Peer 1: 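Okay, handing you the structure first.
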Amino acid sequence: MKYRLNLGYETSSDHYSYLRKQGNWTLNQAFDPAIANENRATSSTQLIENTLSFNKVFKKHSLNIVAGQSYQKDEYAQINGTKRNLLVNPTGGYFNVLDQGNEPQTGGFKTRSDLISYFGRFEYNYDDRYLLNGVVRRDGTSRFGFGNQWGSYPSVSGAWKISNEKFFNSSWINDLKVRASYGTLGSSNIGPYDYIPLVNTFSTIAMGRDQHIESGATQVQLANTNLHWEKLIQQNYGFDASFLNHKLSLTAEYFIARTEDVLFGFPIAMTTGNDGGNPRVNGITLGNKGFEFTATYREDAGDFKYYATANLTTLNNNVISLGYNRNNTYVGNTVTQVGQPVGMWYVLQTDGIFQNADEVNSYKNAKGVTIQPNAKPGDIRFKDNNGDGQITNSDKVVVGSPWPNYEIGLNLGASYKGFDFSMNWFGAFGATVFNGPRSVMDRFDDNSNYRAGIQPWTPDNPNTNVPRAYYGTTLNSRGDTDRWLENGSFMRLKFVSIAYNIPKAIVNKIGFANAQISVSGQNLLTFTKYTGLDPEFLNASIFEKGYDYGAFPNVRMYSMGLQFGF
């Protein structure tokens, strides 16, 4: 019997200052005066864990039982200020302290969230052949309102090590184990106060004969006070095996996951009075199925040692229920329907560019109606999918999925005497993504900046997929077409490192036990056909997973390190 107490405290104090000179600094931005902003914040995390464990081995039986409690408190506070129209100092710079300028703005907020858990686990092993594991958790969070703060999540798993049975006799299989598990988990991945209505205190009103200003308050975002835990229910079935004197190991797994009461921002019309962002709800039930395969080969003989690990993951995603009696929901250029994957691309289909007036006049439906009578040479030809002789939103169809068909990873490593080498690759294939920045810069219907080197259609340049540059509203400028969809597949070198362990005979002379010098790099190579900044972008919206808003790309980084040990 053992008791363990774990205490943790982490804190940070941040000071951020920002100065932007006067001018135009972003796409389509009007001239702005010089601005200074200063921000100070503090954060802290406190953790208390108590665990009691019991271990007992008797004959062929082995038993391990753990019971425990955990409490975590997270706090964050921020205060900020902004001034505009800063004065220019004699050196040509700006007086950037906040007592300069005008139009002052101040702000600040504080948040706190608490998470408390009670848990228990037992592990039973009989003769290293039959293994059984069970876990139960009881979690409570302050992120939900009273009556919805607690959830219970049990899990159970079992395994059979066939290779340890007396009847098992194989010269080339060293280990073989089959396993299965069924478990539940809860998620409270929302803001600290999303269950509370948001009140804006910036509103004012003119009152009385003198029209003096009185401050007010209004609720700008609707809130669901019945928010509760999101629940994941998952089954896993797999096997682990090793061959060739444990040099080659294989793992295969099939998983079935069902996520109920998914926490997400549900899009609702602004006519409801909601103007503070999509309110959080428990609305979707998702199903995910797929396979995971991992293979590792390792050679440890001699001075030269190496290993290689490859993994492959597939995923079949579909919506089981949207909740609120909805069969579908449209967000941006996507549609999410029951029985289909989340966030499928739902747009107009393009069919090339009209090269001359004859092509415009001959583009007709089955009844002989000219489909785009106002089009000119150089305009985009759209598919009239419903055959009514005109291009409208009714012609939109599902044209692709933002979800990759499979993801792969490759880890390589080697060592020779004092040298160590490692390399990690990652790739995702089959996803269709939306190039948001291009949908803004390549429109030609407003007085904005365009991409350098762009080649729009002209009579002298007909062999292009970019329509004519025309300052006016036409179908060419629509952002809800497949013109902006691209193949999002990529393969990337995520990490590579070479290190040298300095011989101990040299290190010991200068008073150290060991020393290592290393050179490494991250995100050095990317192979992709995607024309955006980075195919490996993140989008927080569950409905627009494949929409690239122009997220900052993954940073290419080079590092050198020197490490000493005592």
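This one's a predicted model, so the numbers in the text were calculated from it and none came from an experiment.
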Peer 1: Among residues two or more places apart or on two chains, list those pairs meeting salt bridge (charged side-chain N to carboxylate O under 4.0 Å, His left out) that have a residue in residues 259-269.
Peer 2: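 Only Arg258-Glu260 qualify under salt bridge (charged side-chain N to carboxylate O under 4.0 Å, His left out).
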Peer 1: Whether Asp395 and Lys383 form a salt bridge (side-chain N of Lys/Arg under 4.0 Å from carboxylate O of Asp/Glu) is what I want to check.
Peer 2: no
Peer 1: Donor-acceptor pairs are to be reported for all side-chain atoms of residues 331-344 against protein atoms at under 3.5 Å, with residues two or more places apart or in another chain.
Peer 2:
unit_1, atom_1, unit_2, atom_2, d
Asn333, ND2, Gly479, O, 3.1
Thr334, OG1, Val331, O, 2.7
Thr334, OG1, Phe543, O, 3.2
Thr336, OG1, Gly343, N, 3.0

Peer 1: Do Asp534 and Asn554 have side-chain atoms, one donor and one acceptor, less than 3.5 Å apart?
Peer 2: yes
Peer 1: For the aromatic rings, using the six-membered ring if either is Trp, is the centroid distance between Phe537 and Tyr549 under 6.0 Å?
Peer 2: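 No, too far apart.
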Peer 1: Could you work out, with side-chain hydrogen bond (donor to acceptor under 3.5 Å, both in side chains) as the rule, every residue matching Asn393, not counting sequence neighbours?
Peer 2: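 By the side-chain hydrogen bond (donor to acceptor under 3.5 Å, both in side chains) rule, Asn393 matches Arg478.
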Peer 1: Would you say the ring centers of Tyr324 and Phe266 fall short of 6.0 Å from each other?
Peer 2: yes
Peer 1: Sort and list the pairs that fulfil salt bridge (charged side-chain N to carboxylate O under 4.0 Å, His left out) and have at least one residue in residues 269-287, not counting sequence neighbours.
Peer 2: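 Sorted result for residues 269-287: Asp194-Arg280.
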Peer 1: Could you tell me whether Lys83 and Asp99 make a salt bridge, using a distance below 4.0 angstrom between a side-chain N and a carboxylate O?
Peer 2: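 Salt bridge flag = no for Asp99 with Lys83.
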Peer 1: Using a distance-only test with no angle check, is there a side-chain donor-acceptor pair under 3.5 angstrom linking Thr531 and Glu486?
Peer 2: yes
Peer 1: Return the set of residues passing side-chain hydrogen bond (donor to acceptor under 3.5 Å, both in side chains) with Asp379 (not counting sequence neighbours), or none when no residue passes.
Peer 2: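 With neighbours one apart ignored, the set is Arg468, Asn476.
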Peer 1: Is it true that Tyr195 and Phe144 have ring centroids separated by less than 6.0 Å?
Peer 2: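 When the ring centroids of Tyr195 and Phe144 are compared, they turn out to be at least 6.0 Å apart.
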Peer 1: Can you spot which of Tyr471, Tyr450, Trp457 makes a ring-ring contact (aromatic ring centres under 6.0 Å, His included) with Phe444?
Peer 2: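 The residue from Tyr471, Tyr450, Trp457 that satisfies ring-ring contact (aromatic ring centres under 6.0 Å, His included) with Phe444 turns out to be Tyr450.
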Peer 1: Think Arg137 forms a cation-pi with Tyr153, using NZ or CZ under 6.0 Å from the six-ring centre and within 45 degrees of its axis?
Peer 2: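 Not satisfied by the 6.0 Å and 45° rule.
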Peer 1: If we count only N and O atoms by modelled type, under 3.5 Å, do the side chains of Asn539 and Glu544 hold a donor and an acceptor together?
Peer 2: no
Peer 1: Would you kindly check if the NZ (Lys) or CZ (Arg) of Lys494 is within the cone defined by 45 degrees around the ring axis of Trp425 and under 6.0 Å from the six-membered ring centre?
Peer 2: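 Geometry flag: not set, cation outside 6.0 Å or 45°.
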Peer 1: Distance alone, cut at 3.5 Å: any donor-acceptor contact between the side chains of Thr82 and Asn37?
Peer 2: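 Yes, side-chain donor-acceptor contact under 3.5 Å.
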Peer 1: Between Asn80 and Glu38, does any side-chain donor sit less than 3.5 Å from a side-chain acceptor?
Peer 2: no
Peer 1: Any donor-acceptor pair under 3.5 Å linking the side-chain atoms of Asp384 with those of Asn365?
Peer 2: no
Peer 1: Between Asp480 and Lys396, does any NZ, NE, NH1 or NH2 come within less than 4.0 Å of an OD or OE carboxylate oxygen?
Peer 2: yes
Peer 1: Just by distance, no angles: are the side chains of Ser188 and Arg143 close enough, under 3.5 Å, to form a donor-acceptor pair?
Peer 2: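 Absent: no donor and acceptor within the cut-off.
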Peer 1: Phe255: what forms a ring pair (Phe, Tyr, Trp, His ring centres under 6.0 Å) with it, not counting sequence neighbours?
Peer 2: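 Expected list: none.
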